[in-house]
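Shown next, in structure tokens, is the structure this report addresses.
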Amino acid sequence: MFKIQKLQYKNILNIENLIIPHNKITCIIGESGSGKTTLLRMLNKLISPDKGTIFYNKIPLTEMDSIELRRQVVMLPQSPGIFKGTIKDNLLIGLEFSEKPMVSDEELTKILEIVNLKKALDNVAEKLSGGEKQRLALGRIILMNPDVLLLDEPSSALDEDTELMIIEKLVTYCKERDKTLIMVTHSKKIAHTFGDTLIKIKNGEIVNQEEV
Amino acid sequence: MDGIIQLQMWQMASAYLFIILLLFIVRLKGIPREKEILISTVRMTLQLILTGYVLVYLFDNINPLYTILTIIVMETFAISNIYKRMKNKLSKKIKRVIAFSMVFGTLFSLLYFLLVVINISPWYDPRYFIPIAGMIIGNSMTGISLGVSRLIDGLRDQSNLVETALMLGATPKRATKEMVNNAFDAAILPTINSMVGMGIVFLPGMMTGQILSGVSPLTAIEYQIAIMLGIVGSVALTVIIFVQLGYRTFFNKEHQLIMEDH
């Protein structure tokens, strides 16, 4: 899926070799400031490395159109932007951005169930709490049905019980549909419970990669 | 055309009483603006005297080169004024876009206005060319300044939304659509508002000038309507070129948002 060779980015990342497997749940752990988010942003081609190559399905990212890549490899940032309008507008906007066909309200409601957001579709999105916004944004990218989901601390604003429930639903969803999930998490419990592969980053370098 | 009262020196001087009044008020209120008021009054006076003499010379020595030179000077001043007005440092790329939009937008509107609407002859007649260029360039300068600051502020304040949209596979054009529309709106709104108030709330400068110099108010309004439409057209054209090219300077060829140098 993703293969990284001799990657360097400022003083933030320095990765000699890294393979992130296809159709698996990969959890990236490490202290804050270790370069986890930078790595995700690079896989989404939101930034490019100074040196080295990232391959996606054996093709170097430099040879891929950034927009096409981001439509297959979608990223959820830690503080996702919520757009003006309703919950429905915010769910559909991902489809609009990626020029995918719209879906029915019924499907949108199903998505809200997956992310455990018990709100009506016509509620104003900006009035949601931090945790609810995070779940809405998660729902938005699930709806886009991408091949790869890059999630940066998708549950940081949630309490532990909700966090475990949402991640479990998300992991089940990804496994049922053969998706690749790459998730930065602060929670060792989540990483060890759900991750197929664990990658530990320290000071921009991969210090450990293990199969669980 | 001979009905105009020529101002005597003492009459001119008496008009400065307004400035003395203003200075008195700011001193009384303790507002530290005396220096600026004095400097701007002196600048205004000197600049206008100089312009008066330059215009007299240009009208007496009609020459296409002089007209072209005047337009170049006006455009240069307008563009550097836009750069100076911005509180943030502008990137080289966006400066180029501003200059291009100003030159292309104003010249296109100006030439259309002079050659098609008014149909002046010769095409470089400074009596028409220069004042009308001044109005078109001046208004476009104000419009584009508003557009530039609104676009930069919008993209900076909402860079999180732009990045979220990019992460979801949006094109830079789609990701910045709201900020671009807001910038266009902010730039064009004062011109639209001034059309609404025109003739009722205030009499526009050009029309007032023509009436004072003895032209029939009916002729004066014809010109005013035409120039107002020309101004709207020029502001719209200049700003639309700017926003359409301007947002692109915030992205590199990999469609990545680059905010550092803006």
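Each chain gets a letter, A, B and so on, in the order its sequence line appears, and its residues count up from 1. Note that the structure is a prediction, hence the values are computed from the model and not measured.
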Open item on the list: If I compare all heavy atoms of Arg71(A) with all of Thr171(B), which pair ends up nearest, and what's the gap?
Closed with: NH2-CG2, 4.1 Å

Has [X] got more than 12 heavy atoms of other residues, nucleotides or ligands less than 6.0 Å from its [atom1]?
{"X": "Glu36(B)", "atom1": "CD", "value": "yes"}
{"X": "Lys169(A)", "atom1": "NZ", "value": "yes"}
{"X": "Asp159(A)", "atom1": "CG", "value": "yes"}
{"X": "Lys3(A)", "atom1": "NZ", "value": "no"}
{"X": "Tyr173(A)", "atom1": "OH", "value": "yes"}
{"X": "Lys24(A)", "atom1": "NZ", "value": "no"}
{"X": "Arg177(A)", "atom1": "CZ", "value": "yes"}
{"X": "Gln244(B)", "atom1": "CD", "value": "yes"}

[Y] and [X], any side-chain heavy atoms less than 4.5 Å apart:
{"X": "Arg174(B)", "Y": "Ile93(A)", "value": "yes"}
{"X": "Met167(B)", "Y": "Arg41(A)", "value": "yes"}
{"X": "Pro77(A)", "Y": "Thr164(B)", "value": "yes"}
{"X": "Pro172(B)", "Y": "Ile67(A)", "value": "yes"}

- [ ] To the nearest 0.5 Å, tell me how far Met144(A) CE sits from Leu168(B) CG.
- [x]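 CG of Leu168(B) is found 5.0 Å from CE of Met144(A).
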
TODO: Please say which of Leu46(A), Leu69(A), Asp65(A) ends up in a side-chain contact (heavy atoms from CB on, under 4.5 Å) with His255(B).
DONE: Asp65(A)

TODO: Please determine, among Asn252(B), Leu257(B), Leu166(B), the option with the most heavy-atom pairs under 4.5 Å with chain A.
DONE: Leu166(B)

- [ ] Look at the side chain of Ser66(A) and the backbone N and O of Glu254(B), then say whether any donor-acceptor pair between them is shorter than 3.5 Å.
- [x]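 Yes: the side chain of Ser66(A) pairs with the backbone of Glu254(B).
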
- [ ] With a 4.5 angstrom heavy-atom cut-off, could you sort out which part of Glu68(A) is near chain B: side chain, backbone, both or neither?
- [x]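 Interface part for Glu68(A): neither.
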
Open item on the list: Less than 4.5 Å to any heavy atom of chain B: does that hold for the side chain of Ile82(A), its backbone, both, or neither?
Closed with: backbone

